[in-house]
There are 4 protein chains.
Amino acid sequence: MKGLISRRGKVSKPSPRRQEQKLHRQAEILNAGFEVFAAHGYEAARIDDVARQAGVAKGTIYLYFRDKEQLFRAVVRSLVQKRFDAIAGDFEGKAGELLRELLSRMYGQIVRSDKVCAIVRLLIAEGGRFPQLTEIYHREIIAPGMKAIRHVLTQGIASGEFHKTAAVEFPQLLAAPGVLAIVWKVLHGQRHRLDLDAYSQAHLEFLLDSLRKQTV
Amino acid sequence: MKGLISRRGKVSKPSPRRQEQKLHRQAEILNAGFEVFAAHGYEAARIDDVARQAGVAKGTIYLYFRDKEQLFRAVVRSLVQKRFDAIAGDFEGKAGELLRELLSRMYGQIVRSDKVCAIVRLLIAEGGRFPQLTEIYHREIIAPGMKAIRHVLTQGIASGEFHKTAAVEFPQLLAAPGVLAIVWKVLHGQRHRLDLDAYSQAHLEFLLDSLRKQTV
Amino acid sequence: MKGLISRRGKVSKPSPRRQEQKLHRQAEILNAGFEVFAAHGYEAARIDDVARQAGVAKGTIYLYFRDKEQLFRAVVRSLVQKRFDAIAGDFEGKAGELLRELLSRMYGQIVRSDKVCAIVRLLIAEGGRFPQLTEIYHREIIAPGMKAIRHVLTQGIASGEFHKTAAVEFPQLLAAPGVLAIVWKVLHGQRHRLDLDAYSQAHLEFLLDSLRKQTV
Amino acid sequence: MKGLISRRGKVSKPSPRRQEQKLHRQAEILNAGFEVFAAHGYEAARIDDVARQAGVAKGTIYLYFRDKEQLFRAVVRSLVQKRFDAIAGDFEGKAGELLRELLSRMYGQIVRSDKVCAIVRLLIAEGGRFPQLTEIYHREIIAPGMKAIRHVLTQGIASGEFHKTAAVEFPQLLAAPGVLAIVWKVLHGQRHRLDLDAYSQAHLEFLLDSLRKQTV
DNA sequence: CATGAATGAGTGTTCATTCAT
DNA sequence: GATGAATGAACACTCATTCAT
């Protein structure tokens, strides 16, 4: 009830205009927070920088988030929510085609995204401090992703296109080159750039070599 | 001879005893530094903690390293030097056996090592701040590792055991599941433990499925 | 108009009230800084002491001055600005009177001032580290002072009251006893106090003896 | 008695050789101390630098001086002892000649000496912290110097060469330009160099103008 | 609501002093 | 005696957090 009744006794109307502005401002702070946290990591990130980046005063941050830690959590959570919806789409057609489509999305929307790379770095760097965040990430992204891979595989096996494979147990084996590519980008950035087109193509071939039944 | 006789005629005795102790001290500080940096990352690491962990006074650290940054660099460099010598061993025998051996070492000595995982986390987390360090890592570890993989593949292809594969261009495809396992450990630690025995076994089967010529 | 309207449309109010307080704060810090630097010298001065003396928290100092050095520079500069305006006044009348007036001001406003003595000590002590500061002091105080002396002398010579003197070349000769008195105060403080009234009187007589034409 | 009997019960002979070396080393430390203290002041001086400059280990300093403060005191005292003996010589001849000689020595041996300037700076800078040191300086240097000046003046007056002057009461008036010259050197060092030859010449003329009886 | 000046606990670093060798 | 490695108290400076305006 707190806050619903103003000091003057009038019913406080959140004023949709205001409400909107508030959300907008919160979003701006979250964006700014992401940029700063991604650039420097949790400890090295300065609230001052977040505020400047967001175009608000330092104190304003504290109107929206209790402290630095809550800001960080909110930033990471906000990132999870938007991501990877695209992949959730269902696949139809031959298993080989599905696989191609899956990889295409994986590289196109995940590996290539600088934002995703930044998120991954952040999670790896700060995961120890904030295990719940990686938990969210696992639940929302990793598990569904593995489920999708497993789905394609079982479908391919059922249709006779693929032979039985240990990858059903460990869908990670299929996704691993994508993960490596992200880590590679994060670690070697500009200096040893991976040719992602060729790499993803090789990845697909490699998978099909492994999965397809001998067509003798 | 330089330095043996001081300007004042005093015999300068580096005193092998002292010298030894100094190296030992330095090693202790590096170890302590690794633990603290690995646990908290560069920024959040406290020199105080490193000192306590090493069993020396805070000031002592600065007798061995100019500042926190130099300590960190030294820590990371010291880790690179010791690692991964084992893998450099040469392989003889059938390509399939080589591959099995390679994976066995990869999982046994790298993926399973908590220390390696900590190093990887550290490099990913702080690589942006210290690009030279990841560069060293690339030169000393990644590049030789990729060369070893490529060697096994070309040998297998030459002997007719393996068919041609895009993995010769991108040896990363072979190693990727190992990298993923490390990242997995780093991210999900205890909570979603990967059964490494089964995983590595699946990895090997998956690779052989992909690489071996159809034996009809 | 710059800055009145912020990017977000918020009216930025420098708030004259705030502005004023800020200047007042700054002045307080400068005063405190002077006392502490004067008492201990640059190196031995503690920012903590300056803060306590100024009645603010340590961090506040750094809102107004980048670091200890900038604070010190600002302190010294602030001292130069206020000083010695009085002397700049123009003199009328007989040269002998002018001289008496000049000395009177010199002793009354400069030599007697504990603050001036402190400044001189500070400049002598720290001049090596901050040459620009003594440069300012030379430009703003010394050079004008010498000009004033020279003016009195040439006027006296022109009017036939004084004979030609080497002091026109070196006005320092006239001011020297004042400088000595300051150094004396700084060095011997309480212990061998100089009777400034008698001393300045002797100084005047000595000068007139030297400058006046023999009246046979 | 302490130290006279060695542990072995033999009478300990200080061994003149050793004794000598010890004094020599002490002297070297004092010299080094002076250079470092003169260059940086008491607080900013580093014992480390003194040791390096003296060519001994840091710990050795503490074999000769209890702590930094005692070292500083010893340095300053050692400087006083050697100085200004020359001036103590007695003067014979006409008062005007005596004065010329006095000034010649003052400028030649005091004002021109970089070492003296450094000492003066040191005394002014640190006198507040070490009043006893300036006291020594006053007793050993200033007072005798003033006595010498007074002597010349009274002799000149007695011989009828000089008329009565307030400078007998305040011999500082005679020496002041020398003090100013030192302060000038200390403050303006290279940037506004004083032509000491012309300056001292002007000083002499100025004094004689003031002191000599009208020779009409 | 928003601001940004103020706070002060906390950190990296220095350096006088000690002491085992 | 001489050394220089080790110590730890002390200090400049930072930055998350608060709060008067």
Side-chain angles (χ1 to χ4, degrees), chain A residues 15 18 21-22 25 43-52 55-69 71, chain B residues 6 8 10-15 17-19 21-22 25 43-51 55-69 71, chain C residues 6 8 10-15 17-19 21-22 25 43-51 55-69 71, chain D residues 15 18 21-22 25 43-52 55-69 71:
Chain A
S15 157
R18 277 287 176 109
Q21 277 221 353
K22 211 177 158 176
R25 190 157 279 202
E43 277 285 335
R46 308 286 158 235
I47 293 284
D48 241 341
D49 292 346
V50 177
R52 201 168 311 122
V56 302
K58 190 159 42 156
T60 305
I61 305 272
Y62 288 86
L63 297 175
Y64 291 84
F65 303 96
R66 181 145 44 87
D67 55 20
K68 192 183 181 182
E69 183 175 330
L71 171 60
Chain B
S6 87
R8 305 179 132 271
K10 285 168 298 185
V11 176
S12 80
K13 353 139 201 185
S15 164
R17 188 91 178 74
R18 278 281 179 104
Q19 207 67 6
Q21 278 227 353
K22 234 184 140 172
R25 255 310 138 94
E43 278 285 336
R46 304 290 156 232
I47 292 284
D48 245 339
D49 292 345
V50 176
V56 301
K58 191 162 34 159
T60 304
I61 304 277
Y62 289 86
L63 294 178
Y64 292 84
F65 303 97
R66 183 142 39 88
D67 56 18
K68 192 182 179 181
E69 182 175 332
L71 171 61
Chain C
S6 87
R8 306 180 130 272
K10 285 167 295 185
V11 175
S12 81
K13 351 137 200 188
S15 164
R17 188 89 179 78
R18 277 284 179 104
Q19 207 69 5
Q21 277 228 353
K22 234 185 141 170
R25 254 312 138 95
E43 278 283 337
R46 306 288 155 232
I47 292 285
D48 246 338
D49 291 344
V50 177
V56 301
K58 190 165 30 164
T60 305
I61 305 276
Y62 291 87
L63 294 178
Y64 291 83
F65 303 96
R66 183 144 38 88
D67 55 20
K68 191 181 179 182
E69 183 175 331
L71 171 60
Chain D
S15 158
R18 278 288 177 108
Q21 278 220 353
K22 210 176 160 178
R25 190 157 278 200
E43 277 284 337
R46 306 285 157 236
I47 294 283
D48 241 341
D49 291 346
V50 177
R52 201 169 310 121
V56 301
K58 190 159 41 155
T60 305
I61 306 270
Y62 288 84
L63 297 177
Y64 291 83
F65 304 96
R66 181 143 45 88
D67 55 20
K68 191 183 180 182
E69 184 175 329
L71 171 60

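Computed over heavy atoms, backbone and side chain alike; hydrogens, waters and symmetry mates excluded. Convention: sequence-line order gives letters A, B, ...; per-chain numbering from 1.
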Point to revise | Identity of whatever pairs with E:dG10 - Watson-Crick or G-U, under 3.5 angstrom | key: F:dC13

Review point. What does F:dA20 pair with, Watson-Crick or G-U, if both distances are under 3.5 Å?
Key: E:dT3

As a test of reading the structure: which of [options] is closest to the side chain of [X], going by heavy atoms?
X: B:Val56; options: F:dT17, E:dT7, F:dT7; answer: F:dT7
X: A:Asp67; options: F:dT17, E:dG8, F:dT14; answer: F:dT17
X: C:Thr60; options: F:dA12, F:dG4, E:dT7; answer: E:dT7
X: A:Arg46; options: E:dA2, E:dT7, F:dA16; answer: F:dA16
X: A:Tyr62; options: F:dT18, F:dT7, F:dG4; answer: F:dT18

Point to revise | Donor-acceptor pair under 3.5 Å, B:Lys58 side chain vs E:dT13 base | key: yes

**Study point:** Side-chain donor or acceptor of C:Lys22 paired with backbone N/O of C:Tyr64 under 3.5 Å
**Key:** no

Review point. Taking B:Lys68 for the side chain and B:Arg46 for the main chain, is one N or O donor matched with an acceptor at less than 3.5 Å?
Key: no

Check your understanding: Are any non-hydrogen side-chain atoms of B:Ile47 and B:Tyr62 less than 4.5 angstrom apart?
Key -> yes

Check your understanding: Should A:Asp49 and A:Arg52 count as side-chain neighbours, where that means a heavy-atom distance under 4.5 Å?
Key -> yes

Point to revise | B:Gly55 or C:Gly59, whichever maps to the more 5' nucleotide of DNA chain F | key: B:Gly55

Separation of [X] atom [atom1] from [N] atom [atom2], in whole Å?
X: A:Phe65; N: F:dT17; atom1: CZ; atom2: C1'; result: 16 Å
X: B:Lys68; N: F:dC13; atom1: NZ; atom2: C1'; result: 14 Å
X: B:Asp48; N: F:dT7; atom1: CG; atom2: P; result: 13 Å
X: C:Ile61; N: F:dT14; atom1: CD1; atom2: C1'; result: 15 Å
X: B:Leu71; N: E:dT11; atom1: CG; atom2: P; result: 16 Å

Check your understanding: How is B:Leu63 classified with respect to the nucleic acid when contacts are heavy atoms under 4.0 Å: base, sugar-phosphate, or nothing?
Key -> base

Review point. Contact class for B:Ala45 vs. all strands (heavy atom < 4.0 Å): base, sugar-phosphate, or nothing?
Key: sugar-phosphate

Study note, to complete from the structure: Taking for C:Lys22 and for B:Ala44 the nucleotide of DNA chain E with the nearest heavy atom, the one nearer the 5' end belongs to C:Lys22

Check your understanding: Given that D:Glu69 and B:Ile47 both sit by DNA chain E, which one's nearest nucleotide is further toward the 5' end?
Key -> B:Ile47

Practice item. Check whether any side-chain N or O of D:Arg25 sits under 4.0 Å from OP1 or OP2 of F:dG1, and answer yes or no. Key: no

Check your understanding: OP1, OP2 of E:dA2 versus side-chain N and O of A:Tyr64: anything below 4.0 Å?
Key -> yes

Check your understanding: How long is the gap from CG on D:Asp67 to CD1 on D:Ile61, to the nearest 0.5 Å?
Key -> 12.0 Å

